[in-house]
Amino acid sequence: MKPIPVNEPLLNGNEQKYLSECIETGWISADGLFVRQFETQFAASVDRQFAIAVSNGSAALEVAVAALRIGAGDEVILPTFTIISCAAAIVRAGAVPVVIDADPVTWNMDISQIEAKITSRTKAIMVVHIYGLPVDMHPILELADRYHLAVIEDAAEMHGQTYMQRPCGSFGDLSTFSFYANKHITTGEGGMIVTDDPDLAARCRSLRNLCFEPVRRFVHTELGWNLRMSNLHAAVGVAQLERLAEFVDRKRAIGRQYTELLAGIPGIELPLVKTNYAENIYWVYGIVLKDEVLFDAKVFSEKLAAANIRPILKPV
Ligand SMILES: *Cc1c(COP(=O)(O)O)cnc(C)c1O
């Protein structure tokens with residue numbers, strides 16, 4: 001039996017054609033036409049004014065934290081259940097990550113626990129949409145407003161997803177995406193920051209590009225990074241974006257099929273098909289083992305691997 005991977009990128013659209021254009025024109029590094037086009041089209045796809053392409057989704061989070069001037073002494077609220085990139089961006093900035101446990105039903109952060117964790121040092125809430133269902137955003141936006149907190153929305157797993165008909169990635173002061181190969185659309189490696197705030201957009205652009213000054217280029221008043229996206233990566237991104245709706249439909253169909261076939265098996269909980277604000281897009285099709293099951297996630301994953309299914313193990 002052929003191994004079943006978590007995800008296989010489909011690169012049979014315009015990827016090759018656009019990559020050839022990069023080679024033919026010689027424009028393979030940053031700031032090429034595909035980078036501009038990818039930023040413009042991506043921003044429009046999530047109802048945003050500005051998009052800043054970066055080298056990966058972790059970099060997008062680092063730039064977002066730095067752009068908001070989060071630093072020593074500040075606290076940022078985030079979920080326990082997410083990738084290390086979220087906490088790493090906060091810790092590297094010298095700030096303190098304050099974690100919120102996962103809701104057992106949606107697997108997203110339990111929003112009822114947030115308010116109790118807000119202190120005078122809290123600067124931002126880093127919202128991370130997990131696996132395929134968005135976080136219930138309205139209560140969080142209301143809290144952020146009431147306590148004057150910034151919202152960083154990590155929408156890396158939410159390409160093509162909506163919350164109450166509005167695109168994920170349109171909710172944060174800054175929202176971030178990843179185009180790693182296992183996401184719904186990919187550039188191999190890549191990331192994007194989106195915002196409607198022109199000042200934050202300018203700060204992100206500057207931080208991404210070593211904080212070169214617009215006028216006196218080699219006079220630097222702040223430390224940035226080189227986290228630019230190459231034109232080659234953006235060329236793949238433009239081609240992938242053309243097919244996003246198709247990929248989301250396919251992922252939903254695969255998710256529905258798993259749910260049909262696994263329904264009724266005792267001892268396991270399956271992902272929610274939908275909530276009252278979104279329908280699952282199954283970035284990852286997770287399975288939770290109930291306490292009554294006599295083996296743990298590691299053994300379960302070994303059993304799946306023996307059947308040629310290679311899950312990623314996430315102990316809860
Ligand atoms: C994939 C992912 C990232 C990191 O993106 P990279 O491009 O791999 O650095 C960040 N946050 C979430 C929620 C992710 O799923």
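All values derive from a computational prediction rather than experimental measurement. Order of appearance sets the numbers: ligands from 1, and atoms from 1 within every ligand.
- In this structure, Tyr285 places its OH atom where more than 12 heavy-atom neighbours from other residues, nucleotides or ligands lie under 6.0 Å away.
- By the 30° and 60° cut-offs, the orientation of the rings of Phe38 relative to Phe179 is tilted.
- Judged by a 6.0 Å distance limit and a 45° cone about the ring axis, Lys183 is not positioned over the six-membered ring of Phe177.
- Residue Lys183 places a heavy atom less than 4.0 Å from ligand 1.
- On a distance-only criterion, Asp154 and ligand 1 share at least one N/O pair closer than 3.5 Å.
- Taking the centre and axis of the six-membered ring of Phe171, the NZ or CZ atom of Arg166 falls inside the cone set by 45° and 6.0 Å.
- Every N/O-N/O distance between Tyr180 and ligand 1 stays at or above 3.5 Å.
- For ligand 1, the polar-atom distance check against Ser58 finds a nitrogen or oxygen pair separated by under 3.5 Å.
- For CZ of Arg216, the number of neighbouring non-hydrogen atoms (other residues, nucleotides, ligands) closer than 6.0 Å is 12 at most.
- An N or O contact shorter than 3.5 Å links Gly57 to ligand 1 by distance.
- Close approach of ligand 1 to Asn56 is summarised as follows: ligand atoms under 4.0 Å from at least one heavy atom of the residue are 7 (O), 9 (O).
- Every atom of ligand 1 is numbered from 1 in the order shown, and the set under 4.0 Å from a heavy atom of Val128 is 13 (C).
- Ring-centre distance between Tyr131 and Phe81: below the 6.0 Å cut-off.
- Of the protein's non-hydrogen atoms, Glu157 OE2, 2.6 Å is the one closest to atom 15 (O) of ligand 1.
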